[in-house]
Every structure is written in C-alpha cells, then in structure tokens.
Number of protein chains: 2
Amino acid sequence: MTLTIHEAATTTGWSPRMLRYVEQLGLVEPARSKAGYRLYGPAQLQRLRTLRSLLETHGVELGDVGFALRLRREPELTAALDTWFDTTPAAPEGVPDGDWLAFEQDKHQHLLHR
Amino acid sequence: MTLTIHEAATTTGWSPRMLRYVEQLGLVEPARSKAGYRLYGPAQLQRLRTLRSLLETHGVELGDVGFALRLRREPELTAALDTWFDTTPAAPEGVPDGDWLAFEQDKHQHLLHR
DNA sequence: GCGGCCCTGACACGACCCTGTTAGGCTCGG
DNA sequence: CCGAGCCTAACAGGGTCGTGTCAGGGCCGC
C-alpha cells in the first residue's frame with residue numbers, strides 16, 4: 001500500500017524532484033523504508049493531490065503554503081502579525097498623538113510577551 | 001502633523017523607494033494631498049516602525065507580510081489552507097482507504113462552500 | 001549479480017523579488 | 001519664477017525560488 005517516489009509522482013502529477021522539494025518545505029513528509037527510500041501512503045497521495053488543486057484554484061505558490069505552515073508552528077509570529085494588522089490605521093479622535101503612540105506600544109508589549 | 005515621503009523615510013528608517021513599495025503591497029497606505037503627494041500621519045509612521053521591528057525580530061520578509069494580508073482579505077483561502085493542514089497526515093485505523101478518501105473529500109467540500 | 005530504482009548533493013538557468021537609480025514632468029514655498 | 005521636492009514609469013543588477021539534470025554511490029528483485 002505504499003508507493004515509491006516515482007510511482008507517487010506519476011499518480012499525483014508532481015515530478016520526483018518536486019516531491020523532494022515539497023518534503024523539504026515540510027508540507028508532505030513520507031515515511032522511509034529501512035534503507036531510506038521514501039514511502040508514500042494513501043494519506044500522502046491525497047495530501048499531494050489536494051495541495052495541487054489548492055495551488056491552482058487560489059493562485060498560491062508553494063512558498064506561500066510554506067509560510068502558512070510557519071505561521072501554524074510559530075503562534076507568536078501569528079500574534080505579532082495580528083496585532084500589527086489590527087493597529088488602528090488612523091489615530092482615534094480626541095487623543096493626543098503622544099498618548100496614542102504610548103498606548104499602542106504598550107498594547108504590543110503585552111501581546112508579544114503574553 | 002503630516003510628513004512628506006522623504007521626511008517619513010528619514011524618521012522611520014525606510015527609503016522613499018521602499019515606502020512606495022510597502023504601499024504597493026497594501027501594507028501602509030498614506031493619505032494623499034490634492035496634488036497627489038503622499039502624506040504620512042502619526043498612525044502610518046507608527047505602523048512603519050512596528051513593521052520594521054516585526055521583520056527583524058521574526059526574520060520575516062515583506063512579501064510574507066503581504067501574503068498574511070492576503071490571508072486576511074481572502075477568508076476562503078485561509079479556510080482552504082486550514083482544512084489542508086488539518087487533514088490527518090495518516091489514515092485513521094480500521095477505515096478502508098477508499099472510504100477515508102471519500103470522507104476527506106466530502107469534508108473539504110463542506111468547508112469550502114460553507 | 002546486474003539492470004533499474006532510490007538516495008543525497010550540486011550545478012544550471014529562467015523567472016521573479018527587492019532595491020536603487022534615472023528620466024521627464026508637476027507642485028510647493030519663498 | 002526658480003530651486004527643491006514630489007509624482008509615475010522604467011530599467012538594472014544581485015538574490016532567491018522553482019525545477020531540471022547530472023554524478024557518485026547504495027538497494028532491490030529477478
């Protein structure tokens with residue numbers, strides 16, 4: 001029930017080279033035989049096929065998916081990005097600039113070290 | 001209370017060229033004067049500075065932040081990535097492969113069209 | 001035991017990203 | 001009105017990404 005890299009390549013539409021690259025990005029990691037051969041099971045094949053359609057239908061690059069993976073593995077990075085995006089793009093009215101800057105910096109401080 | 005692009009550049013550590021590039025990525029979009037001049041207010045300056053530290057401390061590229069922005073603007077892309085990542089990396093035991101594949105595809109279907 | 005796979009590592013090469021720089025034209029302030 | 005600064009558009013060059021291909025060396029099945 002496991003395919004060699006060349007077999008997996010032909011049934012999923014990737015090239016063997018790309019399968020190794022995808023593995024290097026941490027996206028699909030096949031099991032290994034005792035001698036080090038990559039062994040692709042049904043789960044990996046399915047993942048490879050859905051990955052392919054994901055790229056096509058959303059116009060995404062492999063590197064982008066790699067970055068999304070990084071986001072999952074580094075919640076603090078995700079948090080930092082979230083606070084950055086959520087920072088009000090315009091200063092609230094009635095608040096002096098200095099105070100507002102201090103407020104925002106404080107907010108970031110808390111969120112980063114939570 | 002608004003700075004011209006060159007002034008904003010010197011106080012934030014970016015180059016004018018980069019400020020235009022950052023704007024093009026949709027990350028920091030300054031107001032415009034009637035004649036089309038970019039006008040950076042305190043909010044934009046703060047955003048530029050925090051962006052800079054974000055890149056340094058997390059070893060992230062501008063393009064990555066751009067992709068994160070894209071994720072916020074395209075929830076369906078985020079959903080697609082989530083379901084892909086959450087696909088069990090190994091088939092559950094006791095379930096024939098065919099059934100499991102069907103189950104996963106069905107799950108994706110639902111999640112995508114929710 | 002040998003032909004055909006697989007492994008890792010490396011080079012190659014186009015495409016695109018990042019950043020600076022320049023050109024040509026408009027705008028601001030004194 | 002004139003010098004300094006802004007605008008857009010374009011080119012340029014070093015860097016990285018995606019992908020193929022090759023070399024040198026193990027592993028597998030008949």
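Because the structure is a prediction, the values reported are computed rather than measured. The sequence lines fix the lettering, A, B, ..., with proteins before strands; numbering per chain opens at 1.
Residue-to-nucleotide proximity on DNA chain C shows that, of B:K34 and B:L62, the 5′-proximal contact is made by B:L62. Residues B:E7 and A:W14 both approach DNA chain D. Their nearest nucleotides, taken by heavy-atom distance, put B:E7 toward the 5′ side. Positionally, the nearest nucleotide of DNA chain C for A:L39 lies more toward the 5' end than for the other of B:R17 and A:L39.
Comparing C:dG20, D:dC6, D:dG20 by their nearest atom to the side chain of A:S15 picks out D:dG20. Relative to the side chain of A:A35, the nucleotides D:dT19, D:dC27, C:dG20 differ in distance, and D:dC27 lies closest. Listed nucleotides: D:dG5, D:dG20, C:dT21. Nearest to the side chain of A:M18: D:dG20. Listed candidates were C:dC18, C:dT8, D:dC7. Nearest to the side chain of A:R32 is C:dT8.
Computed from coordinates, the B:H6 NE2 to C:dG29 C1' distance equals 17 Å when rounded to whole Å. Distance B:L51 CG to C:dC18 P: 12 Å, rounded to the nearest Å. The separation between A:E61 atom CD and D:dT16 atom C1' is 13 Å, rounded to whole Å. Between the CZ atom of A:F67 and the C1' atom of C:dC17 there is a distance of 16 Å, rounded to whole Å. Distance OH (B:Y21) to P (D:dC7): 18 Å, rounded to an integer number of Å. Atom CZ of B:R52 is separated from atom C1' of C:dC18 by 14 Å (rounded to the nearest Å). A straight line from CD of B:E23 to P of D:dC6 spans 14 Å, rounded to a whole angstrom. The CG-P distance, from B:D64 to D:dC17, rounds to 10 Å in whole Å.
At a cut-off of 3.5 angstrom, counting only N and O atoms as typed in the model, there is a donor on one side and an acceptor on the other between the side-chain of A:Y37 and the base of D:dG26.
Contacts of B:S33 with the nucleic acid, taken as non-hydrogen atoms under 4.0 Å apart, are absent.
The CG atom of A:L27 sits 9.5 Å away from the CG atom of A:L48 when rounded to the nearest 0.5 Å.
Taking 4.0 angstrom as the limit, B:R20 places a side-chain polar atom (N or O) nearer than this to OP1 or OP2 of D:dC7. When the side-chain nitrogen and oxygen atoms of B:R38 are compared with OP1 and OP2 of D:dC7, one or more of them lie within a distance under 4.0 Å.
Between B:L39 and B:S33, some side-chain heavy-atom pair lies under the 4.5 Å cut-off. Side-chain contact between A:E61 and A:L55 is absent, with no heavy-atom pair separated by less than 4.5 Å.
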Go through the steps for B:T87 and A:R47 under the test side-chain contact (heavy atoms from CB on, under 4.5 Å), then give the verdict.
CA-CA 8 Å; B:T87 301; A:R47 245 168 121 64; 3.9 Å; yes

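Look at A:R72 and B:D82 and you find a salt bridge, because one of the NZ, NE, NH1 or NH2 atoms lies within 4.0 Å of a carboxylate O, short of that distance.
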